[in-house]
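Read through the structure below, which is laid out as C-alpha cells, and then see the notes.
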Amino acid sequence: MDREVSVSLALGSGGARGYAHIGVIEELVRRGYHIKAIAGSSMGALVGGMYAAGALEPYRDWVSGLKRIDILRLMDVTFSRGAIRGDRVFAKLRELAGDPDIESLPLSFTAVATDLSHQKEVWFQKGSLMSAIRASAAVPGFFTPVVTDNRVLVDGGVLNPLPIIPTVAAHADIIVAVDLNTSRYRLPVVDMPQNAFLDCSGYSDDSAARAEDLAAANGAAPNGAAANGAGEKERFGGRLDILLSSVEVMQSSLSEYKIAGYPPDLNITIPKEVCSFYEFHRAAELIEIGRLIARERLAAMEQGRLALPPG
C-alpha cells in the first residue's frame, strides 16, 4: 500500500470460531493497516478487547496451548443456574490484560451486549473493560448472565452478532467485518483459500469425545444420548449442543440482516463448518484459518478485485 489505511473492525460472535479474529487482526497489522476502532459481540468483544488492551499476543499464546481437559477445568459450572460462571476464565484474562477503563484504551472500543429486561442492545464504550467483555460474552445457557442495575445482560449476538454500526463513528478509511456465521456452501470459491480446511475439516471426527465432554459439563451420563441414533449422536452431543446450534442458526440470519443494512467495505467470512461453537481447544488451527482467509480477502482488495476507497 502507498499509504496507511485506517480500519474500523467489526468482530462477530460465534463461540470458538472467534479465535479466527486473532489471525485476522494479526494479518491486518502485518500488512500495515492501522486499526482505529473495534466493535465486537461475544468472542469478538473478547478478542477485540484483548487487542485494544495490548494483550493479544499473551492471550494467543495462552489459548493456543489449551487442551480439551484444560477447557473443562476452566468450566466453573454452577448447577443451581445451569451454566458456567466464567470466574476462572476472567481471572486469567485480568492476569493477562489487567482491567483498564475502555475510555483509556488507545483505540475506540465497543462491546455489545443484550439487555433481556428491556429487550435492547447495550453498547459498552466506557468503564471496566472486563465487565463489558463479560456481559457481551454471556452466551445464554452457557455462561451465567450479568445482572446489574435492573438489567439482565447476555451475549450481544442475541440481537447483534455482527456490530457494524458502532464502527461508523470512527470515520476510518474502510470498515472491515469478520462474520463467523456464514456457511462455506454459500460462499464464492474465491472467498476460501484452498488449504483453509486442511487442518480443521474434521467437524465430527471427535464427536464422541465432544459428546462426553458436554454430558459431563451438564452433569449427565456420557452415553445419555445413545437412543437418538448414531447420526444425531455425532452431530448433537446433548441439550447444550442443541441450544448452541439453535443460537448459531439465529445469529446467521441476523448477520445477514446486519450486512444488508450496512454493508462493510470488506467482509471476511469464517464458515461455520470449520468447527463447532464450543471447540475451544482448537485455537491454533482457528487462528491460522483466520489468517489465511484474511490474507486472501485483503490481497483481492489490494489488487483491485475489491474496491479500496481513494486516498
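Hydrogens, waters and symmetry mates are skipped; everything else that's a heavy atom, side chains included, is used.
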Q: Let me see the working for Ile71 and Lys67 under side chain to side chain contact (heavy atoms under 4.5 Å, CB included), right down to the final yes or no.
A: CA-CA 6 Å; Ile71 301 299; Lys67 308 246 187 283; over 6 Å; no
Q: Kindly indicate, with the supporting measurements, whether the criterion side chain to side chain contact (heavy atoms under 4.5 Å, CB included) is fulfilled by Leu66 and Leu74.
A: CA-CA 10 Å; Leu66 292 176; Leu74 287 168; 4.3 Å; yes
Q) When you look at Met301 and Ile174, which way does the side chain to side chain contact (heavy atoms under 4.5 Å, CB included) test go after all the steps? A) CA-CA 11 Å; Met301 181 180 70; Ile174 59 173; 3.9 Å; yes
Q: Start with the C-alpha distance between Tyr33 and Glu4, add both sets of side-chain angles, then the distance that settles side chain to side chain contact (heavy atoms under 4.5 Å, CB included), and finish with yes or no.
A: CA-CA 6 Å; Tyr33 291 90; Glu4 183 180 73; over 6 Å; no
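For the pair Pro145 and Leu116, the minimum side-chain heavy-atom distance is 4.5 Å or more. Under the 4.5 Å side-chain criterion, counting only non-hydrogen atoms from C-beta, Leu129 is in contact with Phe109. Proximity of Val158 to Pro140: side-chain heavy atoms (C-beta onward) are separated by under 4.5 Å at one or more points. Side chains of Glu285 and Glu288 form no contact here, defined as non-hydrogen atoms less than 4.5 Å apart. Side chains of Phe277 and Val139 form a contact here, defined as non-hydrogen atoms less than 4.5 Å apart. For the pair Tyr59 and Leu93, the minimum side-chain heavy-atom distance is below 4.5 Å. Looking at heavy atoms from C-beta onward, Leu28 lies in side-chain contact with Leu298 at the 4.5 angstrom threshold. Considering only heavy atoms from C-beta on, Phe124 stays 4.5 Å or farther from Ile133 through its side chain.
Closest heavy-atom contact between Ile35 and Leu107: O-CD2, 3.8 Å. Of all non-hydrogen atoms in Gly98 and Met130, the two that sit nearest each other are O-CE, 3.5 Å. When all heavy atoms of Val146 and Ala135 are compared, the pair lying nearest together is CG2-CA, 3.8 Å. The two atoms that bring Pro264 and Ile175 nearest to each other are CB-O, 3.6 Å, heavy atoms only.
Proximity of a side-chain donor or acceptor of Ser104 to a complementary backbone N or O of Asp101 within less than 3.5 Å is detected. Using modelled atom types, one side-chain atom of Lys36 and one backbone atom of Ala170 make a donor-acceptor pair closer than 3.5 Å. Looking only at distances, a side-chain donor or acceptor of Ser136 sits under 3.5 Å from a matching main-chain atom of Val112.
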Only distances under 3.5 Å count here; give the side-chain donor-acceptor pairs of residues 17-27 to other protein atoms, sequence neighbours excluded, each with its distance to 0.1 Å.
residue : atom : partner : partner atom : Å
Arg17   : NE   : Leu180  : O            : 2.8
Arg17   : NH1  : Glu248  : OE2          : 2.7
Arg17   : NH1  : Cys275  : O            : 3.3
Arg17   : NH2  : Leu180  : O            : 3.3
Arg17   : NH2  : Asn181  : OD1          : 3.3
Arg17   : NH2  : Glu248  : OE2          : 2.9
Tyr19   : OH   : Phe280  : O            : 3.2
His21   : NE2  : Gly12   : O            : 2.8
Glu26   : OE1  : Arg291  : NH1          : 2.9
Glu26   : OE1  : Arg291  : NH2          : 3.3
Glu26   : OE2  : Arg60   : NH1          : 2.6
Glu27   : OE1  : Arg30   : NE           : 3.2
Glu27   : OE2  : Arg30   : NH2          : 2.8
Glu27   : OE2  : Arg31   : NH1          : 2.8

For residues 38-49, run the donor-acceptor check on the side chains, cut-off 3.5 Å, and write out each pair with its distance to 0.1 Å, sequence neighbours left out.
residue : atom : partner : partner atom : Å
Ser41   : OG   : Asn160  : O            : 2.6
Ser42   : OG   : Asp155  : OD2          : 3.0

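Rounding to the nearest 0.5 Å gives a distance of 9.5 Å between CZ of Arg68 and CZ of Arg282. A distance of 7.0 Å separates CD1 of Ile164 from CG of Asn267, quoted to the nearest 0.5 Å. Taken from OH in Tyr262 to OG1 in Thr167, the straight-line distance is 7.5 Å, to the nearest 0.5 Å. Distance CZ/Phe90 to OG/Ser131: 9.0 Å, rounded to 0.5 Å. From Ile270, atom CD1 reaches atom CG of Asp179 across 9.0 Å, with rounding to the nearest 0.5 Å. Rounding to the nearest 0.5 Å places CG of Asp87 at 8.5 Å from CZ of Arg94.
Hydrophobic clustering of Ile, Leu, Val, Met, Phe, Trp and Tyr side chains at less than 4.5 Å, counting indirect connections, keeps Trp123 apart from Val168. The hydrophobic clustering, which links ILVMFWY residues whose side-chain heavy atoms are closer than 4.5 Å, places Leu9 and Ile165 apart. Under a hydrophobic-cluster definition in which Ile, Leu, Val, Met, Phe, Trp and Tyr are linked whenever side-chain heavy atoms come within less than 4.5 Å, directly or via other members, Leu96 and Ile102 are assigned to the same cluster.
Residue pairs meeting the salt bridge (Lys or Arg N to Asp or Glu O under 4.0 Å) criterion with at least one member in residues 103-121, sequence neighbours excluded: Glu121-Lys258. The salt bridge (Lys or Arg N to Asp or Glu O under 4.0 Å) contacts involving residues 127-151 comprise nothing, where partners must be two or more places apart or lie in separate chains. Listed by first and then second residue, the side-chain hydrogen bond (donor to acceptor under 3.5 Å, both in side chains) pairs involving residues 5-15 are Ser6-Asp173, Ser13-Gln251 (not counting sequence neighbours).
With sequence neighbours left out, Arg88 forms a salt bridge (Lys or Arg N to Asp or Glu O under 4.0 Å) with no residue at all.
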